[in-house]
Amino acid sequence: MVRVKHRYLLLNILYPEPEQYPWKASLPDTIQFHHPSPDDLTPQLLARAIKDQISILYGDYGAGLTNNGLNIKYLSPATSTAIIRCSRDNYRLVWAALTYMTQLPKSSRFAQARSCVMQVVRVSGTIKKSEEEAIRRAKNAILKAKKDAAGSATEGLNAILDQFGPDVDLEVLRQKRSKPIATLEDEDDDDLEMMSGSD
Amino acid sequence: MPASQSFTIRDFPFTYLHLTLLSTSPSPPPLDGLTAHKHLTAALRQFLGITGTAIPIDILKVDDGDVWIRVPREDGAAVAAALGNWVDAGEGVSWRIRGRGQWLGALVARTGLEKVWGK
């Protein structure tokens, strides 16, 4: 019995242009990049967009080669993750077409173009492994985002508290932080004067 | 007598093609290099997309409807398939491949053969 072998590509859709969503600028980069996709991104729309891109990149030959085995097995607009099934012999064609996609498919001709980056993070022979990898990545992303969000707010303060010990007056510390660099500049000026004196 | 040495030349760098532009109109305009290039890239773009147009084609000679081109050896089969399949319905032109080979000398000689046996 001849089996047709497949490959399952795990895809992340990244949004590396924060200007599109200016009100979210205060969030750390890891959350901004993994922005949820708009709801009008359906599996049919994404499949059509990939097939069109293959046709542009590889012409009739590539379209005929990859058309038969290409489906979207899983798409979650909320996490911007997708699992794409394609034939084992030409998964690289599909991967290349994904790399060259620079914007999301438009749901209608008058919709605005939304730029994005398609990142293939795993290729596996079974869909189970792709699912496990998706879950693992989602967990890691949440932990990292939590760490980033917590760290940026209190990072400087924690460093100073460690330096002086637990009993510390926060007001005094804030005043100290407000004039930080003057002492460094004075030291540099002294060095320059010493050097010119030695000449 | 010195011992004889033999060399085998493998992997020629280029594949040469001898093409003719067929046209449905009774008196087609004479073919020049730019028009030939336009038709060649149109055929490659349809069959192979952007990667097809990236195949480097050297037009060696354009002579009254006959075009001689060379392409890298590994792209020879793809170019032949693309040109053979292409028809421009708007202008009513298509390519006919008269010969394909890795040695230009043999390809040129074949045209004489056609004059003897063909039209």
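Proteins get letters first, then strands, A, B, ... in listed order; numbering begins at 1 in each.
A:Val117 and A:Leu98 sit in two unconnected hydrophobic clusters of ILVMFWY residues. Membership requires side-chain heavy atoms under 4.5 Å apart, directly or through other members. When the side chains of ILVMFWY residues are joined at heavy-atom separations under 4.5 Å, either directly or via intervening members, A:Leu75 and A:Leu11 end up in a single hydrophobic cluster. Residues B:Val87 and B:Leu48 do not share a hydrophobic cluster, clusters being chains of Ile/Leu/Val/Met/Phe/Trp/Tyr side chains in contact below 4.5 Å. Two different hydrophobic clusters hold B:Leu83 and B:Trp68 under the rule that ILVMFWY side chains link at heavy-atom gaps under 4.5 Å. A:Ile72 and A:Val94 fall within a single hydrophobic cluster, where Ile, Leu, Val, Met, Phe, Trp and Tyr are joined by side-chain heavy atoms under 4.5 Å apart, directly or via other members.
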Donor-acceptor pairs are to be reported for all side-chain atoms of residues 54-65 of chain B against protein atoms at under 3.5 Å, with residues two or more places apart or in another chain.
unit_1: B:Asp58; atom_1: OD2; unit_2: B:Arg70; atom_2: NE; d: 2.7
unit_1: B:Asp58; atom_1: OD2; unit_2: B:Arg70; atom_2: NH2; d: 3.2

Donor-acceptor pairs under 3.5 Å, chain B versus chain A:
unit_1: B:Gln46; atom_1: O; unit_2: A:Asp60; atom_2: N; d: 3.0
unit_1: B:Phe47; atom_1: O; unit_2: A:Asp60; atom_2: N; d: 3.1
unit_1: B:Phe47; atom_1: O; unit_2: A:Tyr61; atom_2: N; d: 2.9
unit_1: B:Ile50; atom_1: N; unit_2: A:Ile56; atom_2: O; d: 2.9
unit_1: B:Ile50; atom_1: N; unit_2: A:Leu57; atom_2: O; d: 3.2
unit_1: B:Thr51; atom_1: N; unit_2: A:Leu57; atom_2: O; d: 3.1
unit_1: B:Thr51; atom_1: OG1; unit_2: A:Leu57; atom_2: O; d: 3.1

